[in-house]
Structure formats: C-alpha cells, structure tokens
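The structure under discussion appears below in the form of structure tokens.
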Amino acid sequence: MSKIRTRFAPSPTGKMHVGNLRTALYEYLIAKHENGTFVLRIEDTDQERFVPEALDIIYNTMKLTGLNHDEGPDKDGGYGPYVQSERMKSGMYLEYAKELVEKGEAYYCFCTRERLESLRASSTTEDGKEIAKYDKHCLNLSKEEVEANLKAGMPYVIRQNNPVSGTTTFHDAIYGDITVENEELDDMILIKADGYPTYNFANVVDDHLMGITHVVRGNEYLSSAPKYNRLYEAFGWEVPEYVHCPIITDENHKKLAKRSGHASVEDLLGQGFLPETIVNFVALLGWSPSEDREIYSLKELEEVFDYHHISKSPAVFDITKAKWMNGEYIKAMDMERFLEYALPVIRETVKKEYDLTKIAELVKTRIEVFPDIKEKIDFFDELPEYDVAMYTHKKMKTNSENSLEVLQEMLPLLEEWEDYSIAGIESLCKEYIAKKELKNGRVLWPLRTAVSGKQMTPGGAYEIMEILGKEESLVRIRKGIEMLENA
RNA sequence: GGCUCCAUGGUCAAGCGGUUAAGACAUCGCCCUUUCACGGCGGUAACACGGGUUCAAAUCCCGUUGGAGUCACCA
C-alpha cells in the first residue's frame with residue numbers, strides 16, 4: 001500500500017473553528033499513525049473573504065497545538081506551491097477545466113447573475129417538486145457561439161456537466177456507500193468569472209496533484225461529495241478515501257457557530273483552556289479509543305488513533321466536560337509551567353506584596369480554567385465585608401460567642417509569635433487546641449473566617465496567615481473580634 | 001420543501017445476534033477534612049416508537065417519529 005498523505009486545507013478567512021481544528025487533528029493523526037505525510041495547503045481562492053491575519057492564526061494554532069505539518073508553504077516537499085493563489089498563476093486550474101470542456105464533462109456558461117437569480121426564484125414558486133439547480137441553459141450553446149462570446153470578452157464561468165439520469169455512488173470510510181440520483185446534481189461552477197477556481201474544483205485538482213490519499217472533512221460536505229466524485233471520474237483520476245466526520249454542535253444540537261462563545265480555538269484559549277486540553281477534548285468528540293481512558297497527549301493519540309472508530313452521529317461540544325478535562329491537565333502540570341499561566345491572572349487581582357507563588361500553589365487543584373483563580377483569591381488584597389453570622393458553623397460547633405472567645409485568646413498568642421510559616425502557625429494553634437481540648441474546627445474555623453472574610457477559601461487558616469504575614473493577620477483578627485463584640 | 005445523513009442516560013460514549021447494557025462529565029449522597037477543593041466510595045439516570053427476520057435483537061431489515069446537514073461565481 002502506498003504511503004498515506006493527508007492534508008489540512010483551511011481558507012484564511014478568520015478564526016480557527018474547532019470543527020476545523022478537529023478535522024486538522026484527524027488528518028494529522030491518520031497520517032502520523034501510519035508514518036504518513038501531513039500537508040498544509042492554503043485555500044485562498046476567495047478573494048473577498050480573504051483576511052491576511054488569518055494566515056498567522058492558522059500557523060500559530062497549528063504550532064500551539066503541535067499539529068506540525070511535513071509539507072506546506074513554508075516547507076516544500078516537492079508538491080508546491082502550497083498556496084492556491086500561487087498555484088493559480090500558472091493558469092493550471094483553467095487548463096484542467098478546459099480539459100473537461102473538451103471531454104464534454106464541463107462547459108462555458110455566460111449566464112448573468114440576474115438570470116440565475118430569477119431562475120432560482122421561479123424554481124421555488126413551483127410545487128416543491130422542482131430542484132433548485134442550474135438549468136444547463138448554456139450547454140446548448142454551439143461551439144461557434146461560445147467562441148464568439150469568448151472573443152467578445154463576455155464574462156464567463158465554467159461549469160461541471162453532470163448527467164441528468166442514472167445514479168452516482170461514492171464510498172465513505174465512516175458512512176459506507178452513498179448513492180444519489182444524478183438528477184439531483186447541480187452543475188457546479190469550476191472556474192469563477194474572476195478566473196479563480198472554486199473551492200470545489202481547486203480542492204479536487206490539488207488533492208490529486210499532491211497525491212492525497214485520505215480526504216478528511218466535516219460531514220457538511222457529504223451532500224456535495226458525489227459531485228467531487230464525478231470530477232475525479234471525469235478526469236480519470238483515482239478517488240481518494242473519503243472520511244467524513246460527524247459535525248460538532250452546540251448545546252442546542254446546532255452546528256457550532258461563533259455566537260456559542262466557544263466555537264474557535266481563540267475563544268477557548270481566551271477562556272483559559274490549555275492547548276493540550278483542546279486537542280484532547282476535540283479528539284474525543286466523535287471518536288473514542290478502544291481502551292477505557294480519556295486523557296491522551298497528542299503523541300499518545302498518534303499511537304492509538306484509528307479512524308475507523310469515528311462515529312456517525314453529531315457530538316455536542318460540552319463545555320462543562322471540557323473544563324473538567326482542563327482541570328485535570330492543570331492538576332498534572334508541573335509548577336513551573338503552571339506559574340506561567342497562573343501568575344499573570346494572580347497579578348491582576350493581588351496588587352499587594354504577597355508571595356504570589358504560594359497563592360498559586362493554593363489554587364492549583366481548585367480551578368478548571370485560569371480565570372477561575374480571580375474570585376478565589378480576591379480576599380488577599382482586601383478583607384471583604386462579611387457578616388458575623390459567618391462565624392456560626394453547625395458542623396464546626398462554632399457560634400459568635402465561642403468564636404469571640406477563641407479569637408480573644410489566640411490574639412495575644414499570635415502577637416507574641418514570630419514564626420508565621422505554615423508549620424509555625426500550626427504548632428501554635430495545635431498547642432492551644434490541645435490545651436483547651438477542643439476540636440480543630442472550633443478554633444480554625446473562626447481564625448480562617450476572620451482572616452479571609454469568606455465562606456470558602458483555597459487553603460485553610462495556616463496557609464492564608466502565612467501568606468498575609470503577621471501584621472495583616474493580626475489586623476484582620478482584631479477586626480473580627482471587634483465585629484463579634486459589637487454583634 | 002427536495003436530497004443526504006443520524007438516533008444507547010442531561011452530555012461524550014462502549015456495545016457489532018445471547019452482557020446484571022461498560023466508562024467519563026454533570027447531578028445526588030457518604031467518607032476524608034479547619035472551609036473549599038483534591039482524593040476515595042456509592043446512588044439516580046439510556047437502547048425514540050411500531051412492525052418484521054431469528055430459538056434469541058440495543059445490535060439485522062422496513063416503516064413512523066424526531067434531529068441534523070446541505071441546496072452560492074463561500075469554503
């Protein structure tokens with residue numbers, strides 16, 4: 001069997017959609033699993049939607065996620081150029097289109113947009129039986145008429161000439177054989193009036209020229225696949241293995257769109273997701289490994305990925321589960337890298353001179369995405385307003401009276417104490433607890449409350465006091481005493 | 001609306017004719033614990049419906065219903 005060659009062929013029109021990323025990922029994995037070649041090709045045939053920054057987005061995303069291509073615009077592998085607008089310069093798409101015209105598989109069309117629009121309008125007013133497709137009007141033009149029109153400089157497109165009867169069957173690795181009536185096939189445009197090939201055409205030509213063996217794409221292309229198939233056949237080219245992936249949807253089971261808030265890789269990154277989470281999570285949307293396991297690095301995915309296990313039904317992008325997975329990655333991160341992500345967020349919230357690394361450590365097992373950090377540590381900078389009722393905790397057996405007593409008795413001890421390390425404070429507290437024969441919670445709950453002013457905090461009284469230091473800890477405890485006295 | 005595809009818990013999903021119908025997220029409860037987390041244990045929860053085929057159907061076939069995708073000189 002020949003070596004596998006897959007390609008990721010994005011068009012630079014904006015952000016990187018997660019559906020696109022998954023397609024790229026599967027293409028990458030299919031190739032890498034078999035030691036094949038993963039090609040990056042830029043499909044910029046739409047001059048109107050082209051946005052230059054999108055190229056950077058594509059490169060950055062690929063790099064960040066680790067989907068490194070073996071061939072591409074920046075890595076010639078002998079199949080270049082890898083940018084369609086550059087390939088176009090040689091006029092090759094037009095040549096190929098003309099080849100089809102000569103074979104009778106395509107034809108020139110001079111219809112105006114106005115005519116096409118009215119055609120569409122009239123077809124919809126019919127009884128619903130009518131199919132909204134081109135009526136092959138220009139197919140009837142004689143060779144002479146075409147020549148004359150061309151000579152006169154009339155704008156034209158070249159359309160595929162599909163049969164009007166019979167059926168076309170193509171094979172997909174996931175969906176099996178799919179058959180459609182040829183009558184359903186529209187004569188799609190191959191070459192646009194601006195001379196550029198359409199995606200549909202350029203895609204087929206380039207895939208063939210680049211020796212692509214597996215064509216992976218979203219299943220929104222399923223309905224146009226028969227037309228591509230006819231193109232391959234018209235040229236007499238070998239049809240690649242089609243792999244149509246199920247669609248990724250939002251929670252309403254609709255195709256994931258920008259408005260969902262997490263439709264692009266950039267959105268996800270901005271929300272505090274790690275690249276490896278995105279890759280891992282998206283890999284599992286529509287595919288599952290044979291072993292019972294969910295956390296996979298890209299390398300591990302390369303090992304176990306088998307595209308025959310891709311499922312057929314659409315998958316909801318469950319942001320809740322994605323967050324869980326991100327939390328798993330965060331917990332498994334080494335401290336150094338964690339700090340790179342966490343510190344900037346912490347700095348936004350904590351302006352005072354505390355040991356931010358210690359704060360980071362506190363928070364590591366308690367967040368799912370990095371912005372979660374903010375609300376967990378806001379009390380460090382400033383003791384929030386809180387209600388004395390917070391001192392009452394049923395399970396800790398605390399109330400405002402015994403809390404006051406504990407704080408009043410602890411205050412002088414803490415004032416004399418110098419060692420405000422976790423261990424130091426702990427030994428002081430434990431000593432007091434032992435002497436008074438109390439449960440830990442009886443004294444630690446009031447302390448933690450006084451020092452944080454919050455119902456829940458990352459870390460306990462020891463950890464918080466260590467970070468706050470002696471002075472600030474005492475200020476807060478005195479404040480607590482004052483509040484309890486006035487209650 | 002035409003065409004195409006899809007159909008196991010709320011979500012991701014295992015399952016390929018014989019299972020007590022896995023597992024994960026979420027949810028609920030318990031344990032651990034100075035709070036919250038982490039960790040551990042357990043619970044609730046699914047084969048859309050109707051016909052076949054078969055000794056036997058979540059698994060195969062047909063229909064119904066439901067959902068999605070697609071119908072551009074966009075990709």
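Any value given below was found using the heavy atoms of this structure, including those in side chains, with hydrogens, waters and symmetry copies removed. Order of the sequence lines sets the chain letters (A, B, ...), proteins ahead of strands, with each chain counted from 1. Worth saying up front: this structure is predicted, and the values here are computed from it rather than measured.
Taking a pair to require two hydrogen-bonding distances under 3.5 Å in either a Watson-Crick or a G-U wobble arrangement, B:U20 remains unpaired. Of the nucleotides present, none pairs with B:A13 by Watson-Crick or G-U wobble criteria with both distances under 3.5 Å. Of all nucleotides present, none satisfies the Watson-Crick or G-U wobble test against B:A75 with each distance under 3.5 Å. Pairing of B:U35, defined by two Watson-Crick or G-U wobble distances under 3.5 Å, is not identified with any nucleotide. Searching all strands for a Watson-Crick or G-U wobble partner of B:G2 with both distances below 3.5 Å returns B:U70. Across all strands shown, B:A48 pairs with B:U64; the Watson-Crick or G-U wobble distances both stay below 3.5 Å. Of the nucleotides present, B:G29 is the one that pairs with B:C41 by Watson-Crick or G-U wobble criteria, both distances under 3.5 Å. Pairing partner, B:U53: none, since no Watson-Crick or wobble contact has both distances short of 3.5 Å.
Here the C1' atom of nucleotide B:C12 and the CD atom of A:Glu251 are 14 Å apart, to the nearest Å. One can place NZ of A:Lys323 at 15 Å from P of B:C38, the figure rounded to the nearest angstrom. Distance A:Glu466 CD to B:U34 P: 18 Å, rounded to the nearest Å. B:C74 atom C1' lies 15 Å from atom CG of A:Asp186, rounded to whole Å.
Ionic pairing of A:Asp187 and A:Lys133 is not present here: no N-O contact between side-chain nitrogen and carboxylate oxygen is shorter than 4.0 angstrom. Salt bridge annotation for A:Asp135-A:Arg115: present, with a cationic side-chain nitrogen under 4.0 angstrom from a carboxylate oxygen. With salt bridges taken as basic N to acidic carboxylate O contacts below 4.0 Å, one links A:Asp207 and A:Arg41. One finds no salt bridge joining A:Glu43 and A:Arg49 here, because no Lys/Arg side-chain nitrogen approaches an Asp/Glu carboxylate oxygen to under 4.0 Å. Using a 4.0 Å cut-off between charged side-chain N and carboxylate O, A:Lys436 and A:Glu405 make a salt bridge. Between A:Asp267 and A:Lys15 there is a salt bridge, with a side-chain nitrogen of the basic residue lying less than 4.0 Å from a carboxylate oxygen of the acidic one.
Using C1' as the reference atom, B:A72 and B:A14 are 41 Å apart when rounded to the nearest Å. Rounded to whole Å, the C1' atom of B:G50 lies 16 Å from the corresponding atom of B:A58. Using C1' as the reference atom, B:U33 and B:U19 are 40 Å apart when rounded to the nearest Å. Separating the P atom of B:G15 from that of B:C38 is a span of 30 Å, rounded to the nearest Å. Nucleotides B:C41 and B:A26 have their P atoms positioned 16 Å apart, rounded to a whole Å. B:A7 sits 9 Å from B:C60 when the P atoms are compared, rounded to a whole Å. Atom P of B:C3 sits at a distance of 30 Å from the matching atom of B:U53, rounded to the whole Å. Distance noted for atom C1' between B:A68 and B:A48: 16 Å (whole Å).
Not a single donor-acceptor contact under 3.5 angstrom links the side-chain atoms of A:Lys397 to the base of B:U34. Residue-to-nucleotide contacts include a donor-acceptor pair under 3.5 Å from the side chain of A:Lys321 to the base of B:A24.
Residue contacts shown for A:Asn200 include a base, since a base heavy atom lies under 4.0 Å away. Contact annotation for A:Phe281: no contact, since no heavy-atom pair falls under 4.0 Å across all strands. Among the protein residues, A:Leu285 comes within range of the sugar-phosphate backbone only, with heavy atoms under 4.0 Å from sugar or phosphate atoms but none that close to a base. Base engagement by A:Gly459 is indicated by at least one non-hydrogen atom pair under 4.0 Å involving a base atom. Among the heavy atoms of the strands lying under 4.0 Å from A:Thr457 is at least one base atom, whether or not backbone atoms are also near. Contacts of A:Arg442 with the nucleic acid, taken as non-hydrogen atoms under 4.0 Å apart, are absent. The residue A:Gly441 sits close only to the backbone: its heavy atoms come under 4.0 Å of sugar-phosphate atoms, none of a base. Nucleic acid contact class of A:Val157 (heavy atoms, under 4.0 Å, all strands): base. As judged by a 4.0 angstrom heavy-atom cut-off over every strand, A:Ala461 is placed among the base-contacting residues.
In this structure, the nucleotide among B:U34, B:U70, B:C25 sitting nearest to the side chain of A:Thr320 is B:C25. Checking B:U34, B:C5, B:G69 against every side-chain atom of A:Leu222, the shortest atom distance belongs to B:C5. Comparing B:G39, B:A75, B:A26 against the side chain of A:Glu368 picks out B:A26 as the nearest. Of the listed nucleotides (B:U34, B:G23, B:C25), B:U34 has the atom at the smallest distance from the side chain of A:Tyr462. Distances were taken from every side-chain heavy atom of A:Ala193 (C-beta onward) to each of B:G69, B:C73, B:A37; the shortest belongs to B:C73. Distances from the side chain of A:His253 to the nucleotides B:G39, B:G69, B:G67 place B:G67 closest. Out of B:U35, B:G2, B:C73, the shortest distance to the side chain of A:Met456 is found at B:U35. In this structure, of B:C73, B:U35, B:C6, it is B:U35 that holds the atom nearest to the side chain of A:Arg366. Among the nucleotides B:A26, B:A75, B:U4, the one closest to the side chain of A:Arg49 is B:A75. The side chain of A:Glu184 approaches B:C3 more closely than any other nucleotide in the set B:G23, B:U70, B:C3.
Each of A:Tyr199 and A:Tyr175 lies near RNA chain B, and the nucleotide nearest A:Tyr175 is the one positioned closer to the 5' end. Where A:Asn440 and A:Gln84 each meet RNA chain B at their nearest nucleotide, the meeting point lying more 5' is that of A:Asn440.
The side chain of A:Lys254 contributes an N or O atom lying less than 4.0 Å from OP1 or OP2 of B:A68. For A:Ser288 and B:A14, the shortest distance from a side-chain N or O to OP1 or OP2 is below 4.0 Å. Side-chain nitrogen and oxygen atoms of A:Lys364 include none within less than 4.0 Å of the OP1 or OP2 phosphate oxygen of B:A37. A close approach under 4.0 Å does occur between a side-chain nitrogen or oxygen of A:Ser311 and OP1 or OP2 of B:A13. Applying the 4.0 Å criterion to OP1 and OP2 of B:C5, one finds that A:Lys312 has every side-chain N and O outside that range. Residue A:Lys255 places at least one side-chain N or O closer than 4.0 Å to OP1 or OP2 of B:U70. Checking the phosphate oxygens (OP1, OP2) of B:A75, a side-chain nitrogen or oxygen of A:Thr45 falls inside 4.0 Å. Regarding contacts with the backbone of B:A75, a side-chain N or O of A:Lys192 is found under 4.0 angstrom from either OP1 or OP2.
Among residues two or more places apart in sequence or in another chain, the side-chain contact (heavy atoms from CB on, under 4.5 Å) test is passed with A:Thr169 by A:Asp177, A:Thr179.
The aromatic ring of A:Trp324 does not stack onto the base of B:A24, failing the criterion of a centre distance under 5.5 Å from the six-membered base ring together with planes under 30° apart.
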Could you walk me through whether A:Leu447 and A:Tyr462 pass the side chain to side chain contact (heavy atoms under 4.5 Å, CB included) test, one step at a time?
CA-CA 9 Å; A:Leu447 269 179; A:Tyr462 309 145; over 6 Å; no

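Checked against a 6.0 Å centroid threshold, the rings of A:Tyr199 and A:Tyr221 count as neighbours.
Put simply, the side chain of A:Asn326 gets close to the backbone of A:Glu368: a donor and an acceptor are under 3.5 Å apart.
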